[in-house]
Participant: 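Structure in structure tokens, see below.
Every chain is numbered from 1 and lettered A, B, ... according to where its sequence line falls, protein lines coming before strand lines.
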There are 2 protein chains.
Amino acid sequence: MPTERSRLLEDLIVSAHRLTRVAAQLTGSTTPAAVWRTLSILTTDGSLRVGDLARASRVTQPTMTKLVQHLAEEELVYRIADVDDSRAWLIAITPKGTTALENWRRELAEALSPVFADLTDDESTILEKAVAILQVHTSTTRKAA
Amino acid sequence: MPTERSRLLEDLIVSAHRLTRVAAQLTGSTTPAAVWRTLSILTTDGSLRVGDLARASRVTQPTMTKLVQHLAEEELVYRIADVDDSRAWLIAITPKGTTALENWRRELAEALSPVFADLTDDESTILEKAVAILQVHTSTTRKAA
DNA sequence: AAACCTATATAGCCATACTATGTAAATCAG
DNA sequence: CTGATTTACATAGTATGGCTATATAGGTTT
């Protein structure tokens, strides 16, 4: 285990977490991270079962059950009975949920914009590439689509 | 506000938050993020007042007060009366806290190692540069040292 | 001296996260 | 087919991190 790699992973997480706190304070935490994280996954991955959604969001199933209940009350998601398994539900995002997610993403970008206002094109490119690497390695798709 | 920049910031946060959840589950969340985030700041920035520590950690002062109480009980930090202001405390990390932070960082790196095992040298470099950019832009040092 | 600002502690509330458990459907083995 | 096992989701309980509001008291300014 190379020390350099270890150090990179440590620093990566520290930075990631600081960034999430910066974002939380700048946006006033008006929309909880768990909400938009879940809506985001539903947008990119399509409708998912509660358990699969929990795995994709990296929380336990009971946590996701409660979150889905809340999201359904807010009409941000809806439930579809899974025809393949009568125990299961598919959870899908509503148009209202899609709009809410878009609004949140815009609000987030606006709040963070001043922080990263001085990014050079090179720096932007580096961050874009880093995001791509992270997306691949924290992919929410765990099985063949 | 360029759409491309906006999209980058959105994706950056989404990725950051996913990464923190991946880390939380892989490490079993044995040490709360708020703890190591605070210890990390004390390590890099030296002893700080409660309010300053709160600002650096991006939480409110009462939140930090409680966290410091907990950390002090665990003997991970200690308090120093601020000679410049009798209302204030300086919070400093203990050797035990330093050890705990190092252990946590090692544990984190080990847990994340398999996730990023296939990183190429180029990708590592990109992530290192990205971390550097993020560190500059989420700096905890808000005033001249 | 009074007004105002600042530093920290306490109180109360909410949401996210976990583990444990329960109910019921689906699958597997004999 | 039956029983055992696994799986999917809901409920219950707990801990904690985060917030806002407020209180106490020291420090600074007018």
Participant: Would B:T65 and B:Q61 count as having a side-chain donor-acceptor pair, cut-off 3.5 Å?
Facilitator: yes
Participant: So, B:R105 and A:D11, do they make that salt bridge, N to O below 4.0 Å?
Facilitator: yes
Participant: With a 3.5 Å distance limit and no angle check, can you tell me whether B:T94 reaches the backbone of B:E75 through a side-chain donor-acceptor pair?
Facilitator: yes
Participant: Near DNA chain D, counting only heavy atoms under 4.0 Å, which residues of residues 62-87 of chain B show up?
Facilitator: B:P62, B:T63, B:D85, B:S86, B:R87
Participant: Hey, does the side chain of B:R37 come within less than 4.0 Å of D:dG18's phosphate (OP1/OP2), counting only N and O?
Facilitator: yes
Participant: Quick one: is D:dC9 close enough that its OP1 or OP2 comes under 4.0 Å of any side-chain N or O from A:R55?
Facilitator: no
Participant: Quick one: B:R21 CZ to D:dG17 C1', roughly how many Å, whole number?
Facilitator: 13 Å
Participant: May I have the distance from A:L48 (atom CG) to D:dC9 (atom C1'), rounded to whole angstrom?
Facilitator: 15 Å
Participant: Specify the separation, in whole Å, of atom CH2 of B:W36 and atom P of D:dT16.
Facilitator: 18 Å
Participant: Work out which heavy atom in A:D84 is nearest to a heavy atom in A:D82; give both atom names and the distance.
Facilitator: N-OD1, 2.9 Å
Participant: Using modelled atom types and a 3.5 Å cut-off, is there a donor and acceptor pairing between side-chain atoms of A:R5 and backbone atoms of B:F116?
Facilitator: yes
Participant: Would you tell me if any nitrogen or oxygen in the side chain of B:R58 comes within less than 4.0 Å of OP1 or OP2 on D:dG17?
Facilitator: no
Participant: Does a donor on one side chain and an acceptor on the other come within less than 3.5 Å for A:E102 and A:T98?
Facilitator: no
Participant: Using whole Å, what does the distance between atom P of nucleotide D:dG18 and atom CG of A:L26 come to?
Facilitator: 15 Å
Participant: Check this one for me: any side-chain N or O of A:Q61 less than 4.0 Å away from OP1 or OP2 of D:dT7?
Facilitator: no
